[in-house]
Amino acid sequence: MTEIPKAYEPQSVEAKWYDFWNKEGCFTADAASSKPAFSMVIPPPNVTGILHLGHVLNNTIQDILARRARMQGFEVLWLPGTDHAGIATQVVVEKRLKKEEHLTRHDLGREKFVERVWKWKEKHGGIIINQLKKLGCSCDWTRERFTMDERYSKKVAEVFVDLYNKGLIYKGKRMVNWCPVSLTALSDEEVIMKPQNGKLYYFQVEVAEEPGTFLTIATTRPETIPGDTAVAVNPKDERFSRFIGKHVIRPIPVELPREQKLIPVVGDEAVEFEFGTGVLKVTPAHDKVDFEIGKRHHLPFIEVINADATMGELAGNDLKGLDRSVARKKSVEVLTSLGAMVKEEPYQNNVGYSERADVPIEPRLSEQWFLRYPSQKEARDVVNSGELKFYPSRWAKVFEHWMVNIQDWCISRQLWWGHRIPVWYKDGEMRCQVTSPGEGWEQDHDVLDTWFSSWLWPFATMDEATFKKFYPTTVLVTAPEILFFWVARMIMAGFEFIGKKPFKDVYLTGIVRDKLGRKMSKSLGNSPDPLDLIARFGADAVRMGVMRAAPLGQDLLFDEQQVELGRNFCNKLWNACRFRQMQGGEVEGEINPALLTGDDKWILSRLDTCIREVNKAFDDYNYAEAVHVLYRFFWNEYCDWYVEAAKASLNSGDEKLKANTVAVIDFILSNTLRIFHPLLPFITEELWQGMGYSKDMPENQGGKTIMNAPWPKPFDKDFCEYYGLNEQMLKFTEAKYDLVVQGRNLRREGNIPSNKKVKFVLKPLTKFDERDLNVIKTLLNADPLEVAENYEPAKGTPSGRNALGEIYLPMDGLIDVEAERAKLKKLLEKCEVEIKRIEDRLNNPNFSQKAPAAVLEENRKRLTEWQQKQKQSQDALAALGA
RNA sequence: GCUCACUUAGCUUAGUGGAAGAGCGCUUCCUUCACACGGAAGAGGUCAGAAGUUCGAAUCUUCUAGUGAGCACCA
């Protein structure tokens, strides 16, 4: 590192290193490697997708996992790719077509339109991939896949044929969720229930057999009256059971002759006494529950709503052609004019909305393909037994709940963009096979639900050699929103088609919200653009900010301040390395144990703790904790204490001592950079190379890139012995720092500016060596630091004390005996309270008999400490005079 | 309606039975030679409420209140 800017400038280094890694093949997995495998498949973003903070969270976690695993000696595959996203993509291209050429897809025709989508994909589909690169994601781009790749598509068709042959896929006319905008069926998972403020309309119908007798019916959908083919009551309902078997006169369409308006009253247990009037109108063609009732009582199915949610011919003269919402108002008018309206009241209910088009779905009778889920038992067993783990574990329950209530999956979509259903028709004959049976066979017009291809992602993306080495994958990292859409289905597919689970662990991230706890959304405008954040703060800062804010198992409240903190941290790391550079000397010299100071040993020991804690946090997928540990170690322990203390040695004039200190610094920094690399890949590479730590190193020791440097290991026993790391030394050093804090406090209380050198007196109660005294002097900015075993302070000299000794700040003419006395009294009070509390506890026979020995020991030790402190304070108070 | 989370300092949160911790923010001081994207010292908490178990509860149990999510839905 020659020219070192004062502040870290991420913009100038990120692209450089990403290109370097990519060009050097650092991300490419070797299927022939003898190293143990670590593999992940990326949750494929939609090709239409644009990077949002959810992706950042998700992919940063995966990148951390991948980079750490590489450093730990695994052969890592992180397989990237994109999803063709049926509806989403088709809608995007259709909109564009309409805007730019005023054409609909029907104007172009199916073949031409699909061609257009492909062209669009080639041109715009890679945006999100490039964004992931900006974030630093170390995906194996040589293996990038798309769910409509030729090989992948073939696999999808084969799976369909296989399931068909097993009798799990069937075609049937059923009630499906119909999206009147996209004009396609949807699966239950694509329907979102939303509360609506609507109205409950009460109208009456005359009983045909008893003229003058009326039944009142409550409904939210009066426009479906023309489709009613019965009225249902609960057979146990004494108010109405006598009407069962009779008929009522359906009021709409008004123009029909009386005999065509007669519909039967049926008895069905599904009708609830309490709701509305207890009388239910039954519209078998347009409601799920009514469909079931209709089947039970063999009622006719009259379709009165068209595919586009306008009213059909059978709705009658008053309603036909109207949109469903207009028809609702119109039907109320008609009922009113007939004198059939009783009342309407405000009513809140839930209505299913199409996830993509955001309009109410229409339950619609339609011919679709369905899948009875395969390998359900295996999927449930593997999760229940803990053989496949969810993190956090509560998601396993949510998974189980869904599996228990699982419904057949409607897999056909009336779209053009997607995998076409591999079924062929000719002369009323039907065949299910991957390729056309030959001349004259026409393929089914529908395509498959996008998720029908996504659920094969963990293996359909892998070639034979890759599969052999890397399946099953190690861990899947994804958002909980797609637990049912994707995760559950992949588990079943894994068992059905491979006979093995697709991944060992599933880590479900939180949902990213804004700092007020609201979901990120375009309409709220509270969703920051990650690329903008990267441009302003750097990718490392964004990664750190997001990771720091992600508490385990909970949603993440994002605030730009977090990213700012990440940037500040990078700057700190940068400057700490700069400080090392300014010391000069040999890079990574040998550490001589004989020359180690207490501070050196302390920071080495803290590094060891840091490595252990970070490893545990990463193994638990606890990223916020890992960041917290790293932050504490590097900023609070290394920079705030060690570097400041080391300045005493560095400026001592003792060249050997200085060289040894620099060697310790190099050791710490080399480990720090490596342990930070998964989180902060760019800055650590820049510093690794710039500091010269890569120099003369073999490739597997980080010679080419920090990516290949070994992951730091906790120290073993021999290491600790060799360098003299022990508990006693740590305690001493920490007590030394405590004395410093107390001394600084005196300075603050005495209103002495921190940049002013001032005389401190240390009255030692134990032996300090020269270097320790020098450190205390440096840290206190004391000059001189007088050491006097028999120091007799003037009355009122501000003081602090602990087991190592007493520290005084003599102040000429500014002695405030009262203040010092008050301080000591306050301390004594605290001592009394604590001593009493601990004594009471120890004197309680129940406690001393039942508490574990370690706890007892701990309490006794604490008691001694407080008593010692009490004694010291009493002495000091006595010295002040009464 | 059912299920599951969550409630600790102004904010975001760590803490699964044995002295209430962190970051941000706040107060005061400091441009001293790595860093003002910085340094130093502080203030701030009846751990949502109640009852119980225990020698001992932020932590376990039960109830209550609030917040959030998922599932099921009544026309």
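The sequence lines fix the lettering, A, B, ..., with proteins before strands; numbering per chain opens at 1.
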Candidates B:C35, B:A19, B:G18 - which lies nearest the side chain of A:A851: B:G18

Sugar-phosphate only, base, or nothing, as touched by A:P480 at under 4.0 Å among non-hydrogen atoms: nothing

Among B:G23, B:A5, B:A34, the one nearest A:A576 by side-chain distance: B:A34

Whole-Å C1' distance, B:A14 and B:C6: 15 Å

Sugar-phosphate, base or nothing in reach of A:E644, heavy atoms under 4.0 Å: base

Atom-to-atom span, NZ of A:K830 to P of B:A20 - whole angstrom: 9 Å

Touch class at under 4.0 angstrom, heavy-atom based, for A:C570 against every strand present: nothing

Sugar-phosphate, base or nothing in reach of A:V643, heavy atoms under 4.0 Å: base

Salt bridge A:D228-A:R250, side-chain N to carboxylate O under 4.0 Å: no

Minimum-distance nucleotide (side-chain atoms of A:R578 versus B:A69, B:C30, B:A34): B:A34

Presence of A:N745 side-chain N/O under 4.0 Å of B:G42 phosphate oxygens OP1/OP2: yes

Under 3.5 Å on both distances, the Watson-Crick or G-U partner of B:G23: B:C11

Residue pair A:P480 / A:L508: nearest heavy atoms and the distance that separates them: CA-CD2, 3.8 Å

Residue met sooner reading RNA chain B from 5', once A:F273 and A:S848 are mapped to nucleotides: A:S848

Pair A:F569 + A:F676: ring centers closer than 6.0 Å: yes

From B:U32, B:A75, B:A34, nucleotide with atom closest to A:L280 side chain: B:A75

Centroid-centroid under 6.0 Å between A:Y507 and A:Y391 rings: no

side-chain N/O A:K6 vs B:C35 OP1/OP2, d < 4.0 Å: yes

Full working for side-chain contact (heavy atoms from CB on, under 4.5 Å) between A:M341 and A:Y201: CA-CA 8 Å; A:M341 266 314 280; A:Y201 303 94; 4.1 Å; yes

Base-pairing mate for B:G66 - Watson-Crick or G-U, with both contacts under 3.5 Å: B:C6

Mate of B:C29 where both pairing distances stay under 3.5 Å, Watson-Crick or G-U: B:G39

Sugar-phosphate only, base, or nothing, as touched by A:R744 at under 4.0 Å among non-hydrogen atoms: sugar-phosphate

Same-atom distance (P) from B:G44 to B:G21, integer angstrom: 13 Å

Euclidean distance for P, B:G10 against B:G52 (whole angstrom): 29 Å

Partner nucleotide, any strand, of B:U16 [Watson-Crick/G-U, under 3.5 Å]: none

B:A34: pairing nucleotide in any strand, Watson-Crick or G-U under 3.5 angstrom: none

Between B:U32 (C1') and A:R747 (CZ): distance, integer Å: 11 Å

Below 4.0 Å: OP1/OP2 of B:C29 and any side-chain N or O of A:R748: no

Protein-nucleotide distance (A:Q867, atom CD; B:A19, atom P), rounded to Å: 17 Å

Phosphate-side-chain proximity, A:N755 and B:U31, N/O vs OP1/OP2 below 4.0 Å: yes

Touch class at under 4.0 angstrom, heavy-atom based, for A:Y347 against every strand present: sugar-phosphate

Pair of N/O donor and acceptor under 3.5 Å linking B:C4 base with A:K397 side chain: no

Sugar-phosphate, base or nothing in reach of A:N349, heavy atoms under 4.0 Å: sugar-phosphate

Touch class at under 4.0 angstrom, heavy-atom based, for A:R632 against every strand present: nothing

Stepwise side-chain hydrogen bond (donor to acceptor under 3.5 Å, both in side chains) check, A:Q742 with A:D738: CA-CA 6 Å; A:Q742 294 199 43; A:D738 173 62; 3.2 Å; yes

side-chain hydrogen bond (donor to acceptor under 3.5 Å, both in side chains) between A:E481 and A:W486, worked out: CA-CA 9 Å; A:E481 291 125 315; A:W486 196 45; over 6 Å; no

Distance below 4.0 Å between A:K647 side-chain N/O and B:A34 OP1 or OP2: yes

Strand contacts (RNA chain B) in residues 556-568 of chain A, 4.0 angstrom heavy-atom criterion: A:L557, A:Q561, A:L565, A:R567, A:N568

B:U53 - base-pair partner by Watson-Crick or wobble geometry, distances under 3.5 Å: none

Side chain of A:R841 (C-beta onward), nearest among B:G18, B:U32, B:A69: B:G18

Sugar-phosphate only, base, or nothing, as touched by A:W635 at under 4.0 Å among non-hydrogen atoms: sugar-phosphate

Sugar-phosphate only, base, or nothing, as touched by A:R548 at under 4.0 Å among non-hydrogen atoms: sugar-phosphate

Intermediate values then yes/no, side-chain contact (heavy atoms from CB on, under 4.5 Å), A:L650 and A:F579: CA-CA 11 Å; A:L650 295 169; A:F579 175 76; 3.8 Å; yes

A:N571, nearest nucleotide to its side chain (from B:A34, B:C35, B:U32): B:C35

Residue whose nearest RNA chain B nucleotide is more 5′ - A:Y8 or A:L200: A:Y8

Sugar-phosphate, base or nothing in reach of A:D640, heavy atoms under 4.0 Å: sugar-phosphate

Sugar-phosphate, base or nothing in reach of A:K757, heavy atoms under 4.0 Å: nothing

Student check: side-chain heavy atoms of A:L630 and A:F633 closer than 4.5 Å: no

Backbone of A:N781 reached by a side-chain donor or acceptor of A:R747 within 3.5 Å: yes

